[in-house]
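Keep in mind the model is a prediction, meaning the values are calculated, not measured.
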Amino acid sequence: MHLKSLSLVNYRNYDLLEVHPSMSINVFYGFNAQGKTNLLESIYYLATTGSHRSNKDLELLKWDNPYFQIKGLVESHQRDYSLDITYQRDGKKIAKVAGLKKDRLPEYIGSLSVVLFSPEDLAIVKGGPKERRKFLDLQIAQISPNYAHQLIQYQKILSQRNNLLKTSWDLRKESEQLEVWDTQLINIGSKILLKRFEVLKKLLPLAKSTHNRISAGKENLEIKYISSCPARPDFSISEIENSYRTKLLSVRKDEIGRGTTLIGPHRDDLTFYINNIDAKLYGSQGQQRSTALSLKLAELELMYVETGEYPVLLLDDVLSELDNMRRHYLLTSVRRKVQTFVTTTNLEFMDKEILSEAKIFRVDEGKIIEQ
Ligand code: ATP
Ligand code: MG
C-alpha cells in the first residue's frame with residue numbers, strides 16, 4: 001500500500017501543504033518544533049481517523065481556523081482512490097473514501113494501513129500492562145475487523161458487572177443477577193482471549209526472527225501471555241470458558257469486597273524475555289528499545305501476511321535512539337519494500353547509500369521543501 005500524495009489544510013502548524021512522497025523511503029528533517037511529527041500524525045490520522053498523541057481533535061486544528069482537512073491519494077492492490085477527512089470546529093467530522101461519505105468507522109478503517117513507531121513505543125516494554133494490552137488489541141483490530149466491536153461489548157458488560165459488584169452487599173440476593181453477567185462476560189471474554197492467542201502465535205515467530213537479526217544473532221526474544229483466567233495459548237474455546245468460570249467463581253467474595261471484576265482479558269499482560277531475562281525489569285534501555293522495534297516490524301510483516309500488502313511505515317524520531325547497527329538493519333530491511341516516512345533532526349543518522357535513493361524534505365516552520 002502506498003500514499004501517493006498528501007495534502008493538508010489548517011492541520012496543526014500547516015496552513016496549506018501538498019507532498020508527493022516516493023514509494024520507498026522519505027526523509028523529513030529539520031530542527032525541533034518545525035512540524036515533523038505533525039506531518040506523520042496527519043498520515044496516522046488519515047488512516048485511523050484519530051491522532052496517536054491526542055484524543056482531542058480540536059487540538060489538531062490550526063489556531064483560530066474553522067476546520068482542518070487531510071486528503072490523500074492511496075494505491076492499494078493496483079487501485080487508486082482518494083481519502084478525505086474534514087473536521088469542523090463544532091466537532092463534526094466527515095470521512096470519505098473515493099468521494100463517498102462513510103458514516104461508520106468500520107467502513108472507513110483499512111482504506112489506509114499504517115504502522116507507527118515512535119519513542120513513546122518504549123512504553124510497550126517499560127510501561128504498565130495497559131500499554132501492552134493496547135499494543136496487542138490494536139494489532140488484532142487491524143487484521144480482524146470484528147475484534148474492535150467485541151472489545152467494546154466486553155467493556156460494556158464489564159462496567160455493568162462492576163456496577164453490580166459495587167452495590168452488592170447481600171451475596172445471596174445478588175448472585176442470580178451476577179450469574180447472568182458472568183455468562184456474558186465469559187462468552188465474549190473467551191472469544192477475545194482466543195483471538196489474542198491466535199494473533200500472538202503468528203506474531204511471535206516474526207518478532208523473534210526480527211529481534212535475532214537486529215541484535216546480530218545475540219538475543220533471543222520470547223513473549224509470554226499472562227492470563228488471569230488462567231488460560232493457555234493451546235486451549236480450545238471451551239477450555240478457556242471452563243477455566244474462566246472456575247476462576248471467576250473462586251474470587252467472588254474478593255470481587256464483592258473490592259467492587260470490581262478481577263478476572264478476564266482486561267487484567268492480562270504480556271512478558272517479554274530476552275535470553276530468558278525479563279526485558280521490562282532487567283533489560284538495558286537499548287534492549288528494551290530493540291524489543292519495541294522488533295514488535296513493530298513484526299506487526300508490519302504480519303499485516304503483509306494477512307493482507308498481501310505492506311502498510312505504510314511511519315518512523316518518528318527513532319533513528320537517534322538506535323545504535324548504528326540497529327539503525328542500518330531497520331532501514332535496509334524496509335528499503336524498496338515498504339513505503340516509509342522517517343523524521344530526524346539530523347541527516348547524519350542515515351546511511352549515505354540509503355540517503356542517495358531516498359526522497360528528502362526539509363521541514364521548516366510548517367513549510368516543506370523538497371531537496
Ligand atoms: P521535534 O523535533 O521537537 O520532535 P517536530 O518538528 O516534530 O519537533 P511538531 O511536534 O511536529 O515538531 O510541531 C510542533 C509545532 O507545532 C510547535 O511549534 C507547536 O506550537 C505547533 N502546533 C501544535 N499544535 C498546533 C496547532 N493546533 N496550531 C498551530 N500550531 C500548532
Ligand atoms: Mg517530533
Problem set entry | Heavy-atom check, side chain of Tyr14 versus side chain of Val363, under 4.5 Å | yes
Exercise. Is Asp121 paired with Arg289 through a side-chain N to carboxylate O contact shorter than 4.0 Å?
Worked result: no
Exercise. Between Tyr45 and Leu60, is any pair of side-chain heavy atoms under 4.5 Å apart?
Worked result: yes
For this session: Could you check if a side-chain atom of Arg161 sits within less than 4.5 angstrom of a side-chain atom of Glu255, using non-hydrogen atoms only?
Result: yes
Problem set entry | Electrostatic pair Glu131-Lys280, nearest N-O below 4.0 angstrom | no
Problem set entry | 4.5 Å side-chain heavy-atom contact, Leu297 and His211 | no
Exercise. Any chance the rings of Phe235 and Tyr244 have centres within less than 6.0 Å?
Worked result: no
Exercise. For the atom pair CG (Leu293) and OG1 (Thr210), what is the distance rounded to the nearest 0.5 Å?
Worked result: 8.0 Å
For this session: With rounding to the nearest 0.5 Å, note down the distance linking CG in Leu313 to NZ in Lys296.
Result: 9.5 Å
Problem set entry | Non-hydrogen atoms of Phe31 and Gln34 that approach each other most closely | O-CG, 3.1 Å
For this session: Determine whether more than 12 heavy atoms belonging to other residues, nucleotides or ligands lie under 6.0 Å from atom NZ of Lys359.
Result: yes
For this session: For residues Arg53 and Tyr44, determine if any side-chain heavy atom of one lies less than 4.5 Å from a side-chain heavy atom of the other.
Result: no
For this session: With rounding to the nearest 0.5 Å, note down the distance linking CD in Glu219 to CD1 in Ile274.
Result: 5.0 Å
For this session: Fit a plane to each ring of Phe197 and Tyr225, take the angle between them on a 0 to 90° scale, and name the class: parallel (under 30°), tilted (30 to 60°) or perpendicular (over 60°).
Result: perpendicular
Exercise. Gln155 versus Ile152: any side-chain heavy-atom pair under 4.5 Å?
Worked result: no
Exercise. Got a second to check how far Glu365's CD is from Ile368's CD1, nearest 0.5 Å?
Worked result: 13.0 Å
Problem set entry | Distance in Å, Thr49 OG1 paired with Ile70 CD1, rounded so as to fall on 0.5 Å steps | 10.0 Å
Problem set entry | Heavy atoms of other groups near Tyr67 OH, more than 12 under 6.0 Å | no
For this session: Check the surroundings of atom NZ in Lys93: do more than 12 heavy atoms from other residues, nucleotides or ligands lie under 6.0 Å from it?
Result: yes
For this session: Kindly compute the distance separating CZ (Arg196) from OG (Ser227), expressed to the nearest 0.5 Å.
Result: 9.5 Å
For this session: State, yes or no, whether a side-chain contact exists between Val19 and Asn26 at a heavy-atom distance under 4.5 Å.
Result: no
Exercise. Is there side-chain contact between Leu330 and Leu319, with heavy atoms separated by less than 4.5 Å?
Worked result: yes
Exercise. Should we say atom CD of Glu107 is surrounded by more than 12 heavy atoms from elsewhere, each under 6.0 Å from it?
Worked result: yes
Exercise. When you check the gap from the basic side-chain N to the acidic O, do Glu59 and Arg12 get nearer than 4.0 Å?
Worked result: no
For this session: Flag the pair Arg326 and Asp323 as a salt bridge only when some basic side-chain nitrogen lies within less than 4.0 angstrom of an acidic carboxylate oxygen.
Result: yes
Problem set entry | Pair Asn38-Tyr11, side-chain donor/acceptor within less than 3.5 Å | no
Exercise. Is it true that Lys201 and Glu198 have a side-chain N and a carboxylate O under 4.0 angstrom from each other?
Worked result: no
For this session: Considering only NZ, NE, NH1 and NH2 on the basic side and carboxylate oxygens on the acidic side, decide whether Asp15 and Lys62 come within less than 4.0 Å.
Result: yes
Problem set entry | Ion pair Arg232/Glu239, N-O distance below 4.0 Å | no
Exercise. If you measure from the Lys or Arg side-chain nitrogens to the Asp or Glu carboxylate oxygens, is any gap between Lys202 and Glu306 under 4.0 Å?
Worked result: yes
Problem set entry | Within 6.0 Å of NZ in Lys218, more than 12 heavy atoms from elsewhere | no
Exercise. Do the charged groups of Asp268 and Arg132 touch, with an N to O distance under 4.0 Å?
Worked result: no
For this session: Using a cut-off of 6.0 Å, state whether more than 12 heavy atoms not belonging to Glu348 lie near its atom CD.
Result: no
For this session: Just say parallel, tilted or perpendicular for the rings of Phe28 and Phe361, cut-offs at 30° and 60°.
Result: parallel
